[in-house]
Every structure is written in C-alpha cells, then in structure tokens.
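Structure first, commentary second.
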Amino acid sequence: QTWTIFMVIFFSIDILLSFNTAAYRRNELVVTRAEIAYNYVVRNWVWFLIDVISTIPWGSVAGDSASQTSVLRTAKIGRILRLLRVLRMAKLVGVMHRLQS
C-alpha cells in the first residue's frame, strides 16, 4: 500500500514537471506553458498516455474480485502496467542522462 502511494505521488510529480519543462521542437526551444503542454500531450501523446496510465493505481481502482477470470485478467493487466512503468523509468533515465550532459 505504501509503495503504491509513493509511486502515484512520484509519477504525478513527473507529469506536473513534464508540463513545466522546456523541450526542443524542430531545433527550437519551446518555453511557453501552452507550447510545452501541446508538445507533451499532442506531439508526444504516446509518452503522455503511458505516463497517465502508469500513474493510476489500478489495483485500488479494480478492487477485490472473487471471480477467477477477473483475477487472471487483473494479473495480465498488472504485468502490462508494470511494463509501462518500466518504460516510463527508462524515459526518466534518458532525460537524466541528457540533463547531465
């Protein structure tokens, strides 16, 4: 439970930072919030979608289920969500490397 709360807070802060971090578009630095938001949500929509989906605490949202089929489906979805979180962490590592150089 504590780990879930930590991950939700961490990834939520990452989303907020993404809306406030300048980025390059066509070799031009985008610095206004509207342009940054457009760049993040529209131009990088795949990362935005991964960020949002991986931030939602799906275990808490789904609740407890007695059905075995639901349990198996939840397990498969859980694996997919973990993969999304790994992709997201890889993105963050890439950003950190770019910031350091």
Worked verdict on Leu87 versus Trp47 for side chain to side chain contact (heavy atoms under 4.5 Å, CB included): CA-CA 9 Å; Leu87 285 172; Trp47 282 117; 4.2 Å; yes

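The ring-ring contact (aromatic ring centres under 6.0 Å, His included) test applied to Tyr40 returns Phe19, Phe48, not counting sequence neighbours. For Val93, the side-chain contact (heavy atoms from CB on, under 4.5 Å) partners are His97, not counting sequence neighbours. A search for side-chain contact (heavy atoms from CB on, under 4.5 Å) contacts involving Ile53 returns Leu49, Trp58, Leu81, Leu84, not counting sequence neighbours. Among residues two or more places apart in sequence or in another chain, the side chain to side chain donor-acceptor pair (under 3.5 Å) test is passed with Thr2 by none. Partners of Trp3 under the ring-ring contact (aromatic ring centres under 6.0 Å, His included) rule, at least two apart in sequence or in another chain, are Phe6. Remark: Ala23 pairs with Asn39 by the side-chain contact (heavy atoms from CB on, under 4.5 Å) rule, at least two apart or across chains.
Applying the salt bridge (Lys or Arg N to Asp or Glu O under 4.0 Å) definition to pairs two or more places apart or across chains, those involving residues 1-24 are Asp14-Arg88. Sorted by first and then second residue, the salt bridge (Lys or Arg N to Asp or Glu O under 4.0 Å) pairs with a member in residues 38-48 form an empty list; sequence neighbours excluded. Within the structure, side-chain hydrogen bond (donor to acceptor under 3.5 Å, both in side chains) pairs that include any residue of residues 18-30 comprise Asn20-Arg33 (at least two apart or interchain).
One finds the CD1 atom of Ile50 at 9.0 Å from the CH2 atom of Trp45 (value rounded to the nearest 0.5 Å). Ile56 contributes atom CD1, which lies 11.5 Å from atom CG of Asp51 (distance to the nearest 0.5 angstrom).
Of all heavy-atom pairs spanning Thr55 and Ile15, the tightest one is OG1-CD1, 3.6 Å.
Under the 4.5 angstrom side-chain criterion for Ile, Leu, Val, Met, Phe, Trp and Tyr, the cluster partners of Ile9 are Ile5, Ile13, Leu17.
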